[in-house]
Amino acid sequence: QNQTKAETFKMLINILFVALLGVSAVFADEAAGALQEAADYVKSLDEFDHEWKHECHMANGEACDIRNFPKDETTMVFPGGETRCIFSNTPNFAFQVVPGDSDKLLFYFQGGGACWDETSTKFHLCRSRATPLPELGVFNRRNRKNKFRDHTIVHVLYCSGDVHGGNVVRTYNDRWGVPVEQKGLANAQSVLDWTKQMQATGALASTFSELVVMGCSAGSIGAQLWGKQVVSALKWQRAAVVPDSYAGIFPEGSSGPLMYNFGFCSSGFLSESLLAKCLAKELTIEEMDLEFMAATPTVPYTFIQSKVDVVQRSFFRAIAFTGNYSDNAMSPAIFYDDVSTLFGSYNTHLDNFLVYLVDGHNHCYTPRETFYLTDATSPWDNGKGSEGIMLHDWTAQLPLRNGASISTVCAGEVKSTQGLQTPLQMPSNDSNAYCSSSIVPKTFKERY
């Protein structure tokens, strides 16, 4: 009898071991799939690389005065100093300048994935070279629909892999045996310092009639991190911040360690209470955004967001798997509910929060020609399926004149999403064309 019990126990252990192997295999496949999806997105950005003819090197003693740059053409400015890209063998950091009207400035943060640990870095989940974008979307100076076609563009290029918020030397090496170093804070600060100098010396208008801070993907987070800093550092009459296609949905418990490990706590951007949370690895992007947006109540923060953005969901899952977070499920329905919850929090606490929500999974609008085809029902609809305002026309209202208004845009039935927290409770994937009552209706009236 004892032998029978022992054999039964051994058989149960074997069954459990085989089952665990199966779970591990499934987990490994899902993790690899999430990493590959994110890597494919970053690789796809190579097709948008843009060549340039003009360069200026501040480290060589060149003044790099914008008045000496050819109008409506790209000049790459290499600031030197502490700036750098993520790897030891990649070219130096540079930013893109396209001179236009001296009193109108588009300050843009480029996107390109993120590298938050050794695994994500080895999988190439972030861009590592500073290359400008082609003349598409808001960069298209020939499209008469483009509100920004005559603006001076100062483009914070992205090669640090830290969503423009890093200040860290990693404990792991790049493929050339040199520690990975992420200096997104120094990179962006060098661009802001140059812009301030141009304004102070009269190379740009002493007061901008229009200042718009914008960014896509990782640059959307960059716009959120830096929006308050930019509008506080420069002189302007009207201003707006436009984060495009990264709401800031992260696995539960991950955003605090991510910001801490990037070295963002050293930014000097945070109040005493938020700095304490950052150092304790507990700071969330929601807490940060609430404080930053509240600090500039006359500056509208106008987000652009697809309801079920596929790239944001891929990076959510990649972060979850590399960090061993149990919160790794991210269906379209769960994602949109999380976005609605986050934006609902902003909407409740902030008059100057608004969003243009687009049905579907598209990622990034402002640097693509889809910017001119998008309405609230589709990135390619060109207004055929909606009588509402087109995305480019909505964005063209910014920055607002005193007394002017702008409203949140969303297509679909308005309903509450409270309590929709599990896959079984969520609506089907075909039911994401609704609008959360925590977000709409919303109108902001400018009062400078």
Side-chain angles (χ1 to χ4, degrees), residues 98 100-101 103-109 136-141 143-156 195 205 207-216 219-220 222-224 226-247 289 292-305 343 346-347 350-358 364-368 370-372 374-376 388-410 439-448:
V98 183
D101 292 348
D103 67 325
K104 298 176 183 177
L105 180 65
L106 176 61
F107 198 95
Y108 198 97
F109 288 87
L136 302 173
V138 296
F139 299 97
N140 189 337
R141 302 182 84 76
N143 191 333
R144 296 188 63 83
K145 294 180 179 180
N146 181 14
K147 154 71 180 283
F148 307 102
R149 66 184 182 276
D150 296 322
H151 283 52
T152 290
I153 298 174
V154 175
H155 191 184
V156 186
T195 307
T207 301
F208 294 122
S209 63
E210 296 186 2
L211 169 62
V212 175
V213 182
M214 189 180 289
C216 155
S220 172
Q224 294 168 61
W226 282 90
K228 179 172 77 76
Q229 303 300 313
V230 175
V231 300
S232 299
L234 302 175
K235 297 177 181 179
W236 46 270
Q237 294 176 340
R238 296 181 284 141
V241 179
V242 186
D244 173 13
S245 297
Y246 219 100
D289 273 351
F292 287 4
M293 287 188 256
T296 53
T298 62
V299 178
Y301 277 69
T302 52
F303 285 66
I304 300 170
Q305 174 69 34
F343 285 176
Y346 296 161
N347 205 45
L350 300 162
D351 288 338
N352 58 331
F353 166 82
L354 300 110
V355 59
Y356 193 108
L357 286 163
V358 184
C364 279
Y365 293 90
T366 53
R368 309 277 189 269
T370 49
F371 181 60
Y372 302 105
T374 298
D375 60 29
I389 189 169
M390 299 281 290
L391 174 60
H392 70 274
D393 288 329
W394 185 79
T395 310
Q397 300 174 88
L398 304 167
L400 296 171
R401 297 184 181 278
N402 193 38
S405 299
I406 188 171
S407 298
T408 282
V409 174
C410 181
I439 298 174
V440 292
K442 172 67 174 290
T443 296
F444 170 77
K445 184 175 182 177
E446 187 62 86
R447 294 182 178 88
Y448 288 116

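The structure presented is a predicted model; accordingly, all values stated were derived computationally and were not measured. Heads up: numbering here begins at 1 and tracks the sequence.
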For a 4.5 angstrom cut-off between non-hydrogen side-chain atoms, does [X] reach [Y]?
| X | Y | result |
| --- | --- | --- |
| L350 | Y301 | no |
| V213 | V242 | no |
| P243 | I304 | no |
| T302 | V241 | no |
| D289 | Y346 | yes |
| L357 | T408 | no |
| E446 | P300 | yes |
| S220 | S245 | no |

### Query
Yes or no on side-chain contact (heavy atoms from CB on, under 4.5 Å) for V409 and I389, after CA distance, side-chain angles and deciding distance?
CA-CA 8 Å; V409 174; I389 189 169; 3.8 Å; yes
### Query
Is it true that the side chains of Y108 and T366 contain a donor and an acceptor less than 3.5 Å apart?
yes
### Distance-only donor-acceptor check, side chains S209 and D103, under 3.5 Å
yes
#### Entry: Pair M214-L106, side-chain contact (heavy atoms from CB on, under 4.5 Å): steps then yes or no
CA-CA 7 Å; M214 189 180 289; L106 176 61; 4.0 Å; yes
May I ask you to decide if [Y]'s main-chain N or O and [X]'s side chain share a donor-acceptor pair within less than 3.5 Å?
| X | Y | answer |
| --- | --- | --- |
| N352 | T298 | no |
| R149 | R144 | yes |
| W236 | V231 | yes |
| R368 | G137 | no |
| N402 | Y448 | yes |
| R141 | H151 | yes |
| K104 | L211 | no |
| N140 | N143 | yes |
| T374 | L391 | no |
| K147 | L398 | yes |

Compare every heavy atom of [Y] with every heavy atom of [X], then report the nearest pair and how far apart it is.
| X | Y | answer |
| --- | --- | --- |
| L400 | R238 | O-CD, 3.0 Å |
| P367 | D244 | CD-OD2, 3.8 Å |
| S405 | Q397 | O-OE1, 3.6 Å |
| C364 | T370 | O-OG1, 4.2 Å |
| V156 | F107 | CG2-CE2, 3.6 Å |
| T152 | D101 | OG1-O, 3.0 Å |

### Task
For the pair F303 and Y356, evaluate ring pair (Phe, Tyr, Trp, His ring centres under 6.0 Å) and give the outcome as yes or no after the intermediate values.
CA-CA 6 Å; F303 285 66; Y356 193 108; over 10 Å; no
### F208: partners by ring pair (Phe, Tyr, Trp, His ring centres under 6.0 Å), with sequence neighbours left out
none
### Summary
Y246 meets the ring pair (Phe, Tyr, Trp, His ring centres under 6.0 Å) criterion, sequence neighbours left out, with none
### Query
Should N146 and F139 be marked as a side-chain contact (heavy atoms from CB on, under 4.5 Å) after you check the CA-CA gap, both sets of side-chain angles, and the distance that decides it?
CA-CA 8 Å; N146 181 14; F139 299 97; over 6 Å; no
[atom1]-[atom2] distance between [X] and [Y], expressed to the nearest 0.5 angstrom:
| X | Y | atom1 | atom2 | answer |
| --- | --- | --- | --- | --- |
| M390 | K145 | CE | NZ | 6.5 Å |
| Q229 | L234 | CD | CG | 11.0 Å |
| L354 | T443 | CG | OG1 | 7.5 Å |
| F444 | I406 | CZ | CD1 | 9.5 Å |

### Message
I'd like to know whether F371 forms a side-chain contact (heavy atoms from CB on, under 4.5 Å) with T395, so could you lay out the CA-CA distance, the side-chain angles of the two residues, the decisive distance to 0.1 Å, and finally the verdict.
### Response
CA-CA 10 Å; F371 181 60; T395 310; 3.7 Å; yes
### Query
Are H392 and Y365 an aromatic pair by the rule of ring centers under 6.0 Å?
no
